[in-house]
*Asks:* 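I'd like to ask you about the structure that follows.
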Amino acid sequence: MKLAILGAGMIVKDFLSMVGDIPEIELKAIVGTEQDMENMEKYKSESGIEQIYTDLDKCLAECDVNTVYVALPNHLHCSYALKALKSGKNVICEKPFTLSLDEMLELKEEALSRNLVLLEAITNQYLSNYREIKKAAEEIGKLKIIECNYSQYSSRYDLFKEGTVLPAFNPEMGGGALMDINIYNIHFVAGLLGMPDRVQYAANIERGIDTSGVLILIYPDTKAVCIGAKDSTAEIRSTIQGDKGSVTLNGPTNIVDHFEKKLNHDIKTRVDVKIHRHRMYEEFKEFSRVIKEHDMNFMQKQLEHSQQVMQIVDLALKDAGIRLG
């Protein structure tokens, strides 16, 4: 994979801390603004990125890349991914895929029409421990209740209360608890059960954005509650309850560090099969394979999942009366 990275923020720094362990990924370019130049120079020096650009069009035209990794603020995902696809590049787009289902479908149509790979970077769907959770969920009988709580007080919330609105709390930039943190819980549940029959979102809204909220996903036989908060904190924990046992994940649904399985009347079994220290390793290892093999069947399957997630997001935002973008 010959990769151009769009963005120079914290997620890019995190990505670069592990990408050296995937030698088949060649870091051809990084694209940012003039304000990003100091970071980009540092990343270039430390990670061996070949070229720096402040003009995406120039990068796409002259740089030897076949894949673009969109790691920009949420509201820029669709427009930049679309530009990359139209230039004939495969695209990996950070979560949330887009701000709406319509935007996501526009990208999907463009990728399919050009026979290009388009994938959402969402860690939990690729983690070995999550795959084991899916197996464990089949062992604990009929699923009854799922509860995911990812609540983490944001330092940006203090600034927000004082009147400084940063992207994390800016509705025009696709901020809010649902899109930033609860999105992992949505992927976690939808990866197990698919599209629910009904979606309800009870959100705490300040200045038009959800600073926290409780999302309810209603399936025929299972009820799921996804809690995401940036204005308060609690134990980060998820449980899956079946009529023959339970699964408990202590920690966030984007890392899935390990989990405990307990069948009725049995002792707990600790499960941890992760193959790398970094949560992003397995997804980018798989992305590299998919692009090398041009595995469009895999891409279609993943896009179906991402499409369900974006449909849930649309319904949740509508239910709470939140408008993004």
Side-chain angles (χ1 to χ4, degrees), residues 95-97 101 104 120 122-151 177-179 181-203 210 212-229 234-256 258-271 273 300-320:
K95 68 81 192 172
F97 215 148
L101 176 62
M104 184 265 168
E120 181 180 13
I122 177 67
T123 50
N124 57 22
Q125 296 304 299
Y126 296 87
L127 292 170
S128 296
N129 279 344
Y130 181 69
R131 289 195 291 271
E132 290 300 311
I133 284 178
K134 295 176 81 168
K135 293 178 185 177
E138 296 177 355
E139 299 172 17
I140 61 174
K142 293 182 179 179
L143 302 187
K144 297 296 185 179
I145 299 291
I146 300 176
E147 180 185 3
C148 303
N149 190 334
Y150 194 167
S151 297
L178 184 78
M179 300 297 270
I181 202 166
N182 214 356
I183 194 80
Y184 293 115
N185 296 333
I186 299 173
H187 276 280
F188 185 90
V189 175
L192 293 170
L193 298 175
M195 187 67 198
D197 290 343
R198 284 191 291 146
V199 175
Q200 298 174 342
Y201 187 41
D210 55 322
S212 60
V214 178
L215 177 70
I216 302 173
L217 306 179
I218 301 171
Y219 295 87
D221 301 311
T222 311
K223 308 300 175 278
V225 176
C226 298
I227 302 169
E235 182 181 5
I236 300 174
R237 187 168 178 264
S238 298
T239 57
I240 306 171
Q241 299 168 215
D243 60 7
K244 294 182 180 179
S246 63
V247 170
T248 302
L249 169 64
N250 291 307
T253 48
N254 65 329
I255 295 177
V256 195
H258 67 272
F259 67 94
E260 293 177 335
K261 177 181 69 176
K262 185 179 185 298
L263 300 179
N264 292 348
H265 313 301
D266 287 350
I267 61 173
K268 292 181 179 179
T269 302
R270 186 181 190 274
V271 180
V273 296
Q300 287 270 27
K301 181 181 177 182
Q302 297 308 110
L303 285 181
E304 288 174 10
H305 166 77
S306 292
Q307 185 171 326
Q308 289 178 339
V309 169
M310 288 311 308
Q311 188 173 350
I312 292 170
V313 166
D314 267 15
L315 292 169
L317 294 172
K318 182 179 180 181
D319 189 57

*Asks:* Is there a donor-acceptor pair closer than 3.5 Å between any side-chain N or O of R131 and the backbone N or O of Y126?
*Replies:*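 Yes; at least one donor-acceptor contact below 3.5 Å.
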
*Asks:* What pairs with N264 under side chain to side chain contact (heavy atoms under 4.5 Å, CB included), at least two apart in sequence or on another chain?
*Replies:*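 Partners of N264 by the side chain to side chain contact (heavy atoms under 4.5 Å, CB included) criterion come out as none, since no residue qualifies.
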
*Asks:* Where do K95 and M179 come nearest, in terms of heavy atoms and distance?
*Replies:*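 Heavy atoms of K95 and M179 come nearest at NZ-O, 3.8 Å.
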
*Asks:* Side chains of residues 184-193: which donor-acceptor pairs under 3.5 Å do they make with residues two or more places apart or in other chains?
*Replies:*
from, atom 1, to, atom 2, distance (Å)
N185, OD1, T253, OG1, 2.7
N185, ND2, N182, OD1, 2.8
N185, ND2, I227, O, 3.1
H187, ND1, H305, NE2, 2.8
H187, NE2, E120, OE2, 3.3

*Asks:* Can you give me the closest heavy-atom contact between V271 and N129, atom names plus distance?
*Replies:*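 Scanning both residues, the minimum pair turns out to be O-OD1, 4.4 Å.
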
*Asks:* Identify the heavy atoms of I133 and V256 that sit nearest to each other, and give their distance.
*Replies:*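 It is CD1-CG1, 3.7 Å.
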
*Asks:* Kindly compute the distance separating CD (Q307) from CD1 (I312), expressed to the nearest 0.5 Å.
*Replies:*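 Separation between the atoms: 11.5 Å.
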
*Asks:* Answer yes or no: is there a donor N or O on one side and an acceptor on the other, between the side chain of D210 and the main chain of A203, under 3.5 Å?
*Replies:*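 It does not hold such a pair.
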
*Asks:* Looking at K268 and E260, what are the two nearest heavy atoms and their distance?
*Replies:*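 The answer is CD-OE1, 3.4 Å.
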
*Asks:* Would you compute the distance between atom OG1 of T222 and atom CD1 of I145 and round it to the nearest 0.5 angstrom?
*Replies:*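 T222 atom OG1 to I145 atom CD1 measures 8.0 Å (nearest 0.5 Å).
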
*Asks:* Taking everything shown except K144 itself, do over 12 heavy atoms lie less than 6.0 Å from its NZ?
*Replies:*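 For K144, atom NZ is crowded (more than 12 foreign heavy atoms under 6.0 Å).
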
*Asks:* Using a strict threshold of under 4.0 Å (side-chain N to carboxylate O), is an ion pair present between E132 and K135?
*Replies:*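 Looking at K135 and E132, the cut-off is met.
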
*Asks:* Looking only at atom types and distance, does a side-chain atom of S151 sit under 3.5 Å from a main-chain N or O of A234, one as donor and one as acceptor?
*Replies:*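 No; zero donor-acceptor contacts below 3.5 Å.
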
*Asks:* Please report the shortest heavy-atom distance between A316 and Y201, naming the atom on each side.
*Replies:*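 The pair with the smallest heavy-atom distance is O-CB, 3.4 Å.
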
*Asks:* Should D319 and R198 count as side-chain neighbours, where that means a heavy-atom distance under 4.5 Å?
*Replies:*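 Of all side-chain heavy-atom pairs linking R198 with D319, none is under 4.5 Å.
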
*Asks:* If I compare all heavy atoms of I240 with all of I146, which pair ends up nearest, and what's the gap?
*Replies:*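 In this case the closest contact between I240 and I146 is CG2-CG1, 4.0 Å.
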
*Asks:* Would you tabulate the side-chain donor-acceptor contacts of residues 212-220 under 3.5 Å, counting partners in other chains and residues two or more places apart, or write 'none'?
*Replies:*
from, atom 1, to, atom 2, distance (Å)
S212, OG, N204, ND2, 2.8
S212, OG, D231, OD1, 3.2
S212, OG, D231, OD2, 2.9
Y219, OH, G194, O, 2.6

*Asks:* To the nearest 0.5 angstrom, please state how far the NE2 atom of H258 sits from the CG atom of N250.
*Replies:*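 Atom-to-atom, H258:NE2 and N250:CG are 6.0 Å apart.
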
